[in-house]
Amino acid sequence: MGMYLNPGNSGFETIRNSRYVDKSGLVGLINETIDTTRKLTCISRPRRFGKTFAAKMLCAYYDRTCDSSGLFDDLEIALNERTHESYRRHLNRYDVIYLDMTNVMGEAGAQGLVPFIRRRLTEELQEEYPRIKADESLSATLLSAVALTGRKFIMIIDEWDAPIRELPEVQKAYLHFLRTLFKGSGTTDRIFAAAYMTGILPVKKDGSQSAISDFQEFSVISPMEYAQYVGFTENEVKKLCAEYGRDFPMMKQWYDGYVLEGVSSVYNPSSVMKAVRSNRFCSYWTETSASKSLMEYISLDFDGMSKTVAELLGGIAVPVDTNGFANDLVTFRDRDDVLTLLIHLGYLSYDRETGCARIPNEEIRLEFARTVRQVNRDETIRRVRESDQLILDTIQGNREAVAAQIEKIHREETAPLFYHNEQSLRSVIKLAYFSYKDQYIKFEELPAGDGYADIVYLPKKMSPFPALVIELKWNQSAQGAIDQIKDKRYPEALSSYGGDILLVGIAYDRDAKGDAHRHFCVIERVERGLASTV
């Protein structure tokens with residue numbers, strides 16, 4: 001048993017000794033690829049989505065030097081009638097090479113990453129099989145081992161892209177090393193029964209071609225059949241909440257929001273488990289050396305970037321073209337490349353059907369809200385200040401100022417083709433109030449009384465601000481919006497909230513002539529059942 005060759009099953013055993021959510025169905029999918037043209041698999045997901053857990057599980061399952069039946073016999077892969085035969089056939093039958101690239105980089109130090117990997121693997125192969133012929137080429141040494149034992153290798157590379165993200169100086173040599181191992185020739189077929197890589201970024205593109213072209217990629221943008229196996233599904237989170245007596249709606253608000261094709265809601269496992277164990281709902285999303293700070297990306301000087309960030313913070317989904325992204329942290333052509341990177345890093349969720357990205361949940365929204373106030377760009381600073389002032393004007397009942405700011409945002413940010421579209425006013429409101437996150441939680445189409453309140457901003461527990469119930473009207477009066485709020489008893493949705501409530505009616509007059517104002521606002525305060533115009 002070595003460090004990189006056949007490291008055993010202790011890593012997965014530790015995972016099983018904790019509260020484990022069964023993801024062993026992944027084993028069945030990888031078994032289906034063994035010794036086929038689909039044998040090379042690359043899974044990319046945001047950090048802390050369970051990629052390393054999955055890699056350790058596969059290592060424990062395939063490693064021939066240990067008996068892992070006790071770790072798997074009670075899991076889906078063994079109990080499912082469709083996969084049981086495959087499970088038995090491949091269990092602990094292969095020599096496994098397991099490289100956790102984050103740890104490998106630390107071990108390699110100044111020796112050079114690729115020479116270190118070649119040397120250590122050759123040493124461990126010779127120790128395991130003294131009769132093999134060692135060669136300067138790692139592929140030749142591996143071929144010698146296969147010829148001696150009659151067994152092919154399973155290659156598992158966890159965080160394959162760590163050198164791409166953190167050691168750009170070794171990128172060229174590292175990609176050449178991987179290309180040599182997995183070049184799609186008969187040599188690769190003779191060495192490997194299968195290979196599995198995890199990472200944050202998809203396979204690095206080299207010019208117009210992929211540097212490791214034969215890997216089948218399953219990214220957060222296109223997860224296909226692997227969608228449910230990296231990250232928690234909603235049913236899994238519901239079971240955890242029931243088991244630990246936790247509040248599922250709060251869990252959903254804080255950690256849901258990643259939309260993966262075929263699964264819909266996917267949650268960050270690390271954050272969910274921390275919230276389950278501590279019963280504290282907060283942001284567990286912290287910076288690591290695995291990626292640059294969010295601020296560096298949203299500060300990039302591309303046209304429309306400041307507006308896009310404001311739209312995202314306001315809860316608006318923004319269109320993004322994910323094609324052409326170079327799959328690294330430094331090559332950006334435009335705003336779409338920045339947004340695509342943020343999707344892969346987990347800062348944004350991507351809906352493949354609509355082609356739009358959005359901030360997925362409360363946890364990530366807090367990161368954006370904190371970061372945007374540190375961005376050193378005049379346009380971003382102006383937007384933040386204007387939004388902060390709009391919230392204060394609303395609370396202070398300054399109706400003219402509120403109407404004027406809504407009109408300004410509508411005029412500046414809405415394309416002429418959609419300016420008179422009723423839905424554009426809702427987007428304008430969300431964009432105008434985008435800095436609400438410091439004090440409020442936002443709800444749209446909130447069931448209330450005899451209908452649905454358009455937008456409700458509910459103060460956080462420690463906020464001194466009143467709740468805002470906003471009703472929008474198109475070619476009707478702002479007072480009519482207030483009347484609808486009262487007639488349909490929208491404030492009843494906040495019956496458990498003990499503080500003041502502001503009723504905000506905002507109207508747009510499409511038929512206003514010339515330079516006449518098109519936007520109007522009425523604000524009334526509800527103080528424990530008493531309403532007054534402010």
Looking only at atom types and distance, does a side-chain atom of Lys238 sit under 3.5 Å from a main-chain N or O of Thr233, one as donor and one as acceptor? no
Partner of Glu85 under side-chain hydrogen bond (donor to acceptor under 3.5 Å, both in side chains), picked from Arg89, Arg82, Arg88, is Arg89
I'd like to know if Asp189 pairs up with Lys39 as an ion pair, taking the criterion as any Lys NZ or Arg NE/NH1/NH2 lying under 4.0 Å from an Asp or Glu carboxylate oxygen. yes
Test your reading of the model: is there a side-chain donor-acceptor pair from Thr371 to the backbone of Phe368, 3.5 Å cut-off? no
Taken to the nearest 0.5 Å, the spacing of Trp254 CH2 from Arg365 CZ works out to 10.0 Å
Between Asp35 and Lys152, is there a salt bridge with N-O shorter than 4.0 Å? yes
Please determine if Lys430 and Glu311 form a salt bridge, counting it only when a charged side-chain N lies under 4.0 Å from a carboxylate O. no
Check side chain to side chain donor-acceptor pair (under 3.5 Å) between Tyr94 and all other residues, then give those that pass, not counting sequence neighbours. His90
Parallel, tilted or perpendicular: which one describes the rings of Tyr87 and Phe72, with boundaries at 30° and 60°? tilted
Determine whether Arg165 and Glu159 satisfy the following criterion, salt bridge (charged side-chain N to carboxylate O under 4.0 Å, His left out), listing intermediate values before the conclusion. CA-CA 10 Å; Arg165 293 183 271 113; Glu159 299 288 353; 2.8 Å; yes
Under a 3.5 Å distance rule, please check whether Asp337 uses its side chain to pair with a backbone N or O of Thr340 as donor and acceptor. no
Using the ring centroid of each side chain, check whether Phe182 and Phe215 are separated by less than 6.0 Å. yes
Does Asp161 use its side chain to pair, donor to acceptor, with the backbone of Ile200 at less than 3.5 Å? yes
Is it true that Arg335 and Thr308 share a donor-acceptor pair across their side chains at a distance under 3.5 Å? yes
Do side-chain atoms of Ser349 reach the backbone of Val259 as a donor and acceptor pair under 3.5 angstrom? yes
Tell me, yes or no, whether the heavy-atom count around Lys460 atom NZ, taken from other residues, nucleotides or ligands under 6.0 Å, exceeds 12. yes
Quick check on Glu261: does its CD atom have over 12 non-hydrogen neighbours (other residues, nucleotides or ligands) under 6.0 Å away? no
So, using side chain to side chain donor-acceptor pair (under 3.5 Å) as the criterion, who are the partners of Glu169 when residues are at least two apart? none
Residues in ring pair (Phe, Tyr, Trp, His ring centres under 6.0 Å) contact with Tyr258, at least two apart in sequence or another chain: Phe49
Could you tell me whether the side chain of Arg16 and the main chain of Leu71 form a donor-acceptor pair under 3.5 Å? yes
Please name all residues satisfying side-chain contact (heavy atoms from CB on, under 4.5 Å) with Thr14, sequence neighbours left out, ordered by chain then number. none
List in chain and number order the residues that pass side chain to side chain donor-acceptor pair (under 3.5 Å) with Ser24, two or more places apart in sequence or in another chain; answer none if no residue qualifies. Asp22
For the backbone of Ile30 and the side chain of Thr33, can you confirm whether one donor and one acceptor N or O come within less than 3.5 Å of each other? yes
Salt bridge present between Arg119 and Glu123 (N-O < 4.0 angstrom): yes
Would a distance-only check, ignoring hydrogens and angles, find a side-chain to backbone donor-acceptor pair under 3.5 Å from Asn17 to Glu13? yes
Under 4.0 Å between a side-chain nitrogen and a carboxylate oxygen: does that hold for Glu234 and Lys252? yes
What I want to find out is whether Arg64 reaches Glu128 closely enough, with some N-O distance under 4.0 Å, to be called a salt bridge. yes
Polar side-chain atom of Tyr20 near backbone of Lys23 as donor-acceptor pair, under 3.5 Å: yes
Could you tell me the separation between the SG atom of Cys241 and the CZ atom of Phe248, rounded to the nearest 0.5 Å? 6.5 Å
Mind checking ring pair (Phe, Tyr, Trp, His ring centres under 6.0 Å) for Phe218 and listing every partner two or more places apart, or none if nothing turns up? Tyr226
Judged by atom type as modelled, is there a donor-acceptor pair below 3.5 Å linking the side chain of Thr83 to the main-chain atoms of Ile77? yes
Can you tell me how far apart CZ (Arg38) and CD (Gln216) are? Round to the nearest 0.5 Å. 6.5 Å
Which pair of non-hydrogen atoms, one from Cys282 and one from Tyr255, has the smallest distance, and what is that distance? O-OH, 2.7 Å
Do Thr141 and Ile132 come close enough that some side-chain heavy atom pair is under 4.5 Å? yes
Are Ile15 and Phe12 packed together at the side-chain level, in the sense that at least one heavy-atom pair is separated by less than 4.5 angstrom? yes
Without hydrogens or angle criteria, can the side chains of Asn9 and Tyr62 be said to hold a donor-acceptor pair below 3.5 Å? no
